[in-house]
Amino acid sequence: MRPSVLEQLTAPGGGSPLALASIAEEHDGDVVHGAAYSVERGLFPIRDGILDLLPGGVGPRTPGQLTNELGIVARGYEWPWRVNSLSLLSHEWLPFRRERAIFDQLLGRVEGTLWLDLAASTALYGRWLAPRMLAQGGEVVSLDFAWPMLRRARQAARAEGQKNLSFVRARAEGLPFASGTLDGVVCGGSLNEFGGAGVVAALQEVARALRPGGTALFMHLLAAGGGLDAAFQRYVARPGGVAFWSRAETDSLFQGAGLQVEESRDIGVVGFTRVMKVRDD
């Protein structure tokens, strides 16, 4: 955990900036083991280079979210699942390199110095974004509630030599940022996993934490119109706590949170959406 990034965070949901309370182990400028302090909430541990803002437990999770806390799921997330999943779901050849190219086109030039990789899993998006921000001194925070995913993400980032990527355990419904702090957000594939009620809270938190005019990019799944895709979505929706919306319903969710849809691109049921926080006039 980079101390300069830690000081830009708060306890979940806002409050005073965190302060570095102690360092038990440090490596190459990162705090590997130590503690952070919140005036409102007290001490939070830093373990394995990850700031844990949920030391008392994660709280309610859907069945689909619970699987992310299994070590075997974290180990298999990128291969074989993630490299093949979008092609299977969209019925088009959609490997990660094409997915990143679409995000490059939608994002354009990265603005600002602090971005959030939301519901990061193994930080595929954060590890793509961090090198783009390095030249301008920008930082990326990869956030997830699942400890095995974050540990896998940090291991991959260290192996790749990432220098401006930090890891935080927290929930999307209570982001550890003061209002108007973030320049941008990326979120890959987790929008549907927040569930019907959770997605409203998560998007409201994204809008709160973004600066006016800040950008967010989402990859998400749209409701299938029929056939086997629709049958599969019905099969996983209720037991897994996963929700699917049409393009119009998805855009309405963004707009209801104060996020204006700027551009979108759909490949089968796989949707890509760039939104902007409505400016405070």
Residues at least two apart in sequence or cross-chain that pass side chain to side chain donor-acceptor pair (under 3.5 Å) with E26, listed by chain then number, are none

Problem set entry | CZ/R274: more than 12 non-hydrogen atoms of other groups inside 6.0 Å | yes

The single option from R169, R151, R152 that satisfies salt bridge (charged side-chain N to carboxylate O under 4.0 Å, His left out) with D48 is R151

Check: R208 side chain, F177 main-chain N or O, donor-acceptor pair, under 3.5 Å
yes

Side chain of R127, backbone of T122: donor and acceptor closer than 3.5 Å? yes

**Donor + acceptor pair across side chains of D52, W147 (<3.5 Å)** = no

| task | State plainly whether one hydrophobic cluster holds both F272 and F96, where clusters connect Ile, Leu, Val, Met, Phe, Trp and Tyr through side-chain heavy atoms under 4.5 angstrom apart. | result | yes

Salt bridge (Lys or Arg N to Asp or Glu O under 4.0 Å) between R82 and E99, intermediate numbers included:
CA-CA 11 Å; R82 194 58 176 78; E99 181 184 353; 2.6 Å; yes

Practice task
Indicate whether the side chain of R247 and that of T273 have a donor and an acceptor atom separated by less than 3.5 Å.
Solution key: yes

Requested in this report: Mind running side-chain contact (heavy atoms from CB on, under 4.5 Å) on F44 and L54 for me, showing each step along the way?
Outcome: CA-CA 8 Å; F44 292 96; L54 300 171; over 6 Å; no

Checking the side chain of D144 only, and the main-chain atoms of A120 only, is there a donor and an acceptor separated by less than 3.5 Å? yes

Query raised in the report: Does L253 reach the side chain of H220, with side-chain heavy atoms less than 4.5 Å apart?
Result: no

According to a hydrophobic-cluster definition based on side-chain heavy atoms being under 4.5 Å apart (Ile, Leu, Val, Met, Phe, Trp, Tyr only), do V32 and M1 belong together? no

E40 side-chain N/O to S16 backbone N/O, donor-acceptor pair under 3.5 Å: yes

What one should report as the nearest heavy-atom pair of E262 and M276 is CG-CB, 3.8 Å

Main chain of L175, side chain of E205: is a donor-acceptor contact present, judged purely on distance under 3.5 Å? yes

Exercise. Determine the interplanar angle of the Y125 and F103 rings, folded into 0 to 90°, and report it as parallel if under 30°, tilted if 30 to 60°, perpendicular if over 60°.
Key: tilted

message = Are the side chains of R98 and I267 in contact, using a 4.5 Å heavy-atom criterion?
response = yes

